[in-house]
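See structure below.
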Number of protein chains: 2
Amino acid sequence: MPSSTVEDYIKRLYHEEQRAPGTLVPMGRLAEAMNVVPGTVTTMIKALADSGLVYYEPRAGVRLTDGGRKLALHVLRRHRLVELFLVQTLGFNWSEVHDEAERLEHTISDKVLDKIDAFLGFPKADPHGSPIPCAKGIIAHEPTQTLTSCVVGERYRIARVLDNDAQFLQFAERNGLVPEAHITVISKDDYADALVVSCHSRNAPCTLGSSAAARIFVAPALLQ
Amino acid sequence: MPSSTVEDYIKRLYHEEQRAPGTLVPMGRLAEAMNVVPGTVTTMIKALADSGLVYYEPRAGVRLTDGGRKLALHVLRRHRLVELFLVQTLGFNWSEVHDEAERLEHTISDKVLDKIDAFLGFPKADPHGSPIPCAKGIIAHEPTQTLTSCVVGERYRIARVLDNDAQFLQFAERNGLVPEAHITVISKDDYADALVVSCHSRNAPCTLGSSAAARIFVAPALLQ
DNA sequence: AGGCGCATTTTGACCAGTCAAAAAGAAAGA
DNA sequence: TCTTTCTTTTTGACTGGTCAAAATGCGCCT
């Protein structure tokens with residue numbers, strides 16, 4: 001059984017890989033993501049490489065092996081099912097559940113996980129729109145286009161909102177920026193580093209800085 | 001925040017104290033309960049004494065302080081609410097949930113715990129009949145009489161079945177020996193170390209050895 | 001009182017995970 | 001090519017929790 005520390009490294013590494021697919025993740029980046037000093041990462045990654053979860057190229061970086069990816073998706077599945085469960089069944093707000101899930105994802109057994117999955121009706125996505133990997137470790141395509149690269153005037157559908165900042169999630173909810181909402185970018189100002197987005201079924205448009213806009217992923221609008 | 005190891009020591013100590021109220025728990029007994037060697041317990045108990053959770057008398061034994069008891073009851077509350085939740089909401093059998101709860105009890109936050117408590121309607125007891133401490137750390141009186149000390153021929157109500165052995169729980173369930181069931185001890189044979197118990201609302205009586213009988217706690221029968 | 005047996009404590013060691021700080025590589029500029 | 005700078009690795013140390021085995025203390029029996 002991998003320790004919860006190991007699971008955390010693997011999960012982080014998965015996330016960092018997503019941000020720049022096909023490249024090795026540098027140790028420094030992983031250290032920052034894990035909130036430890038670089039030396040600690042070097043030590044840990046060597047151990048993970050020995051146990052076959054990652055491919056490690058000294059002084060270049062690190063990448064998940066197939067086994068590592070499988071573990072990452074398993075952790076992600078637990079995380080996202082727990083998040084949805086907390087929101088759907090226990091009535092939590094979507095901004096509160098990330099930290100809770102961060103701890104619970106390491107202690108939920110497969111047996112409990114399967115019961116939760118069935119109880120929720122085998123859901124496809126968590127409350128933030130992130131796809132839930134299935135038990136076999138297959139995950140739906142995660143959208144890659146964010147608000148920052150939207151064409152002004154086009155209609156889009158919000159697919160996913162990054163969940164690691166509770167404050168931002170509260171802001172997003174207040175402004176109707178939630179999965180499945182349809183929106184249009186009204187204007188974009190590259191110099192001010194900001195854009196104005198109008199949420200269909202809302203009156204007041206709202207303004208986002210680019211780092212906030214980058215947290216919102218979009219997909220093509222549904223017809224009509 | 002106490003580590004989950006600390007919580008485990010405190011919880012075990014609470015259980016051992018229950019078995020012989022008012023006396024110091026010897027280190028050896030705690031070592032056995034925790035499944036570690038005695039030296040480990042000595043080290044750990046010294047640390048717990050330093051942090052004020054236990055009173056430690058060298059070479060005599062150890063006992064919870066008020067602070068320690070409060071923590072123990074908090075852990076117990078988590079354990080029992082989780083057990084009930086797993087049975088009631090996720091459809092687990094009462095024999096499966098002990099081990100799951102054993103891990104989850106250390107990662108459930110107060111926030112989640114309160115939600116579960118409300119979701120279940122502020123229950124008073126877990127699926128095995130053990131009382132659930134309230135949020136303030138007050139626990140209902142746990143019954144002390146077991147099947148072994150029942151008067152032959154008298155009617156009793158099963159109050160609680162110890163939950164630490166899944167096999168036994170399955171056996172108990174098969175024979176109707178569950179909380180709130182009314183039973184009568186039909187005969188007792190001290191030399192054979194066994195007794196025969198008849199379960200009201202069942203046809204066939206069943207035979208229990210004394211160590212099994214000691215796992216079943218009874219209370220006065222409800223009137224007719 | 002003297003010694004025996006048993007529970008307990010001490011000692012030294014280990015593993016996982018971490019940090020601080022020194023050492024080593026690599027890349028890039030002059 | 002030489003030097004500077006930045007990242008990465010190494011080294012030594014520490015914490016929490018554990019074990020094995022030796023040392024200690026206590027009660028009890030004769």
Side-chain angles (χ1 to χ4, degrees), chain A residues 1-14 16-17 19-20 23-64 68 71-72 75 102-103 105-107, chain B residues 1-17 19-20 23-64 67-68 71-72 75 102-103 105-107:
Chain A
M1 279 304 92
S3 69
S4 60
T5 308
V6 167
E7 289 190 345
D8 268 332
Y9 273 94
I10 295 298
K11 187 185 59 174
R12 288 282 162 220
L13 186 49
Y14 178 86
E16 295 309 322
E17 277 188 357
R19 292 178 42 180
T23 66
L24 292 177
V25 175
M27 308 305 262
R29 180 185 281 305
L30 194 50
E32 203 177 336
M34 286 298 298
N35 243 309
V36 297
V37 300
T40 304
V41 171
T42 302
T43 312
M44 193 66 199
I45 286 299
K46 277 194 201 165
L48 295 182
D50 285 347
S51 61
L53 292 169
V54 305
Y55 166 73
Y56 168 50
E57 196 168 310
R59 302 210 169 256
V62 64
R63 160 193 342 128
L64 290 174
L71 176 56
V75 177
E102 204 74 1
R103 268 170 304 114
E105 68 190 1
H106 304 299
T107 38
Chain B
M1 280 304 95
S3 68
S4 60
T5 309
V6 166
E7 289 189 347
D8 267 333
Y9 273 94
I10 295 298
K11 187 185 59 174
R12 288 281 163 220
L13 186 49
Y14 178 87
H15 284 311
E16 296 308 321
E17 277 189 355
R19 292 178 42 179
T23 66
L24 291 176
V25 175
M27 307 303 262
R29 179 185 282 305
L30 194 51
E32 206 177 335
M34 286 298 298
N35 243 308
V36 295
V37 300
T40 303
V41 171
T42 302
T43 312
M44 193 65 197
I45 285 299
K46 277 192 198 167
L48 296 182
D50 285 347
S51 61
L53 291 169
V54 305
Y55 166 73
Y56 168 49
E57 196 168 309
R59 300 203 174 262
V62 64
R63 159 192 343 129
L64 290 174
L71 176 56
V75 177
E102 204 74 1
R103 268 171 304 113
E105 68 191 0
H106 304 299
T107 37

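Proteins come first, then strands; the chains are lettered A, B, ... in the order of their sequence lines, and each starts at number 1.
Residues of residues 46-58 of chain A having a heavy atom closer than 4.0 Å to DNA chain C: none are found.
Residues B:R19 and B:E16 are paired through a salt bridge, judged by an N-O separation under 4.0 Å between the basic side chain and the carboxylate.
Between A:A72 and A:L64 the shortest heavy-atom distance is CB-CD1, 4.2 Å.
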Checklist line | Annotated protein contacts, base or backbone, on nucleotides 13-29 of chain C with a non-hydrogen cut-off under 4.0 Å, one of B, S, - each | finding: ----SSBS---BS----

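Distance, A:I45 CD1 to D:dT7 P: 18 Å, rounded to whole Å. Atoms CE (B:M27) and P (D:dT18) sit 13 Å apart, rounded to a whole Å. One can place CZ of B:R29 at 10 Å from P of C:dT8, the figure rounded to the nearest angstrom. The nearest whole Å value for the distance from the CG atom in B:L24 to the P atom in D:dC26 is 15 Å.
In summary, of the residues considered (A:E102, A:E17, A:E7), a salt bridge (Lys or Arg N to Asp or Glu O under 4.0 Å) with A:R12 occurs for A:E102 alone.
With contacts defined as side-chain heavy-atom distances shorter than 4.5 Å, the pair B:Y56/B:T42 qualifies. Between B:L13 and B:R63, the closest side-chain pair of non-hydrogen atoms is not below 4.5 Å. Side-chain atoms of B:E105 and B:D8, non-hydrogen and from C-beta on, do get closer than 4.5 Å to each other.
The CG atom of B:L71 sits 14.5 Å away from the OH atom of B:Y9 when rounded to the nearest 0.5 Å. If you take NE2 on B:H15 and CG on B:L30, they are separated by 12.0 Å, rounding to the nearest 0.5 Å.
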